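Working notes for the structure below.
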Number of protein chains: 2
Amino acid sequence: MNVEYVIVADWGSSHLRAYLCQLNQQGTLTVIKSAKGTGVTKIEEQFEQHLMQVIAPWRKEFGQMPILLSGQVGSTLGWKEAPYLPCPVSLDRLATSCLTFICRGHPIYIVPGLSCEIPDKHSDVMRGEELQVLGLLLKHEKYQQGRQLICLPGTHTKWVLVDNGEIQFFKTAMTGELYDLLTSKSVLIQKKTNIFDADAFKLGVDKANSSSVGSFSHNIFSVRTKQLFGELNQGNACSYLSGLLIGSDVHAAIATEQWNISDITEVVIVGDEHLSTCFAMALESQGVQTRVVDEAEVAIAGYSGICNSLFLKDLTQTAI
Amino acid sequence: MNVEYVIVADWGSSHLRAYLCQLNQQGTLTVIKSAKGTGVTKIEEQFEQHLMQVIAPWRKEFGQMPILLSGQVGSTLGWKEAPYLPCPVSLDRLATSCLTFICRGHPIYIVPGLSCEIPDKHSDVMRGEELQVLGLLLKHEKYQQGRQLICLPGTHTKWVLVDNGEIQFFKTAMTGELYDLLTSKSVLIQKKTNIFDADAFKLGVDKANSSSVGSFSHNIFSVRTKQLFGELNQGNACSYLSGLLIGSDVHAAIATEQWNISDITEVVIVGDEHLSTCFAMALESQGVQTRVVDEAEVAIAGYSGICNSLFLKDLTQTAI
């Protein structure tokens, strides 16, 4: 297929982020324009109409180019279901397993999510993060070799174990969603602030680190009592809670039996800059080395990898 | 003081529950009438007006009898601050430490809350539950001897260690508040139900019991994945989440270093009937004996104890 322009979009529950890109013969995407829209759970199933409205100016100028979609758009709540690929899964299967159809002349490709299951122990799913993992491995080839533990913080943290370029296992933590709920709807925080207080954050991480058994619902009440006892105030209570939540998440991730943390050279963190720094601090407080990589670069590299496979694989070799 | 009628009221953040009682010479209160009002955080500081409005018919009939208040009404958010009594604290101090004042001719007594602090380790507070603990010890005298662990489930679970009638230490868990937030505002539950499914509850408890390190924010995502994998459905997901939350709370309580659970003959549970049964199931799944006592009886016994001390102590001995 002779493709010069492609639209790629992360279409999650809450947001649609679309990019008009140019694809060169080396399989690299260059972002030309971007546009925002609404998430799949908020548009009353008007998927086609909403997408076409968001990309209308690009359609007019560049015609019926392919559209590559990732995220919850492929879930049961989304436009069309792209079934999960079960782990272990080699990431070159993402492109070959895309759900494809034609809509108003555009070839549409929906990237499948991943699932993993250890019967009676753990079951998990992801949609969207698989593309960032693919992008990371393409952008930084050294991570295609050996065992890597990748942390993707966000509303739901994903901890992903990669072995020689194959996703073996992953775990989800509700850390970001819990932070949002507890800072806006609970008795713990009277007034949410966005000021980061590193000392209070560290105090929260230390509290989580010093808890040898699962005492999350006991520990979090300390956000309130420390304010009553004058050890925290309205200005730094959110940072302490953040430390407690991220510290607990990291504490549990380090102890996960599906990997041995001492075998991991460094945990690679892919996410928003502030959150990534927080996770790095919590991991380093437990003696774990980290490396933070640029989230935006990695996402475009992931879309490039898929486009490369879909449109150029007769010309160049896919990297993994 | 010659007192025949008394108003007692639990005035918390969300609700006011007032009772008109008759006090006999044996120091026992008999409830004659009850009335409901609004919690202290919801009446824009119109404490006097609101209380007088709720008890207006009783004032008219019986005059200016004493009013005994417990709960958040004595906090910094309430009517007047009744400072916390620090643990260890003997419960006979509750009556002698009441904050007293006169309002429209009524003698008002606000029961103080309790605080406990282990520097750099744990700080905690309660308001209202101390009265239930007092009531329990008065109603069931055997608990005045030796070490007792009392569990008071609710929006915030309280775990209270009593030694020879004295409160030594307590811990708070946000279990009920987390359940409310997660069932009504999170991605985990699409539709909240009140149907209790004992098998799903048990599954959640087992999940919490089998987690050897603090992995709360990792575990709770299983509420969603088990629905995606067909292991749970909309009808029983809430019960599973309840099992996970109560199981985690119990798991942490059992491991608390301020008591040795093997020294505790039985955990005494004082709370709402359904919640008490749930906590009993979770404790028994870990081999801990329990006894559930009637919450309403215990509360009135607590108020009786205070009235006894305040108004009749020249006639009868207070029990503790």
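On a predicted model such as this, the values are computed, not experimentally measured, just so you know. These numbers come from the heavy atoms of this one structure, side chains and all, not from hydrogens, waters or symmetry mates.
Ring geometry for A:Phe216 versus B:Phe216: interplanar angle under 30°, hence parallel rather than tilted (30 to 60°).
Interface remark: B:Phe221 contributes backbone and side-chain atoms alike to the contact with chain A (heavy atom separation under 4.5 Å). Contact of A:Glu257 with chain B is not made at all, since no heavy-atom distance falls under 4.5 Å. Of the atoms belonging to A:Lys185, heavy atoms from both backbone and side chain fall under 4.5 Å from chain B. Heavy atoms closer than 4.5 Å to chain B are found in the side chain of A:Leu178, but not in its backbone. Contacts between A:Ser222 and chain B at a heavy-atom distance below 4.5 Å are absent for every atom of the residue.
B:Arg147 pairs by the side-chain hydrogen bond (donor to acceptor under 3.5 Å, both in side chains) definition with B:Asp163, not counting sequence neighbours.
Within residues 119-128 of chain A, the residues having any heavy atom closer than 4.5 Å to a heavy atom of chain B are A:Lys121, A:Ser123, A:Asp124, A:Val125, listed by residue number.
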Determine whether B:Thr225 and A:Glu117 satisfy the following criterion, side chain to side chain contact (heavy atoms under 4.5 Å, CB included), listing intermediate values before the conclusion.
CA-CA 10 Å; B:Thr225 53; A:Glu117 191 171 16; over 6 Å; no
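Of all non-hydrogen atoms in B:Phe229 and A:Cys116, the two that sit nearest each other are CZ-O, 4.0 Å. For the pair A:Val187 and B:Glu177, the tightest heavy-atom approach, listed with the atom from each and the gap, is N-OE2, 2.7 Å.
A:Glu45 CD: 12 or fewer foreign heavy atoms inside a 6.0 Å radius.
Rounding to the nearest 0.5 angstrom, the gap separating the NE2 atom in A:His218 from the OG1 atom in B:Thr172 is 9.0 Å. From B:Ile246, atom CD1 reaches atom OG of A:Ser217 across 10.0 Å, with rounding to the nearest 0.5 Å. Rounded to the nearest 0.5 Å, atoms NZ (B:Lys171) and CG (A:Asn219) are 6.5 Å apart.
Of the listed residues A:Ile220, A:Leu245, A:Thr157, the one with more heavy-atom pairs under 4.5 angstrom with chain B than any other is A:Ile220.
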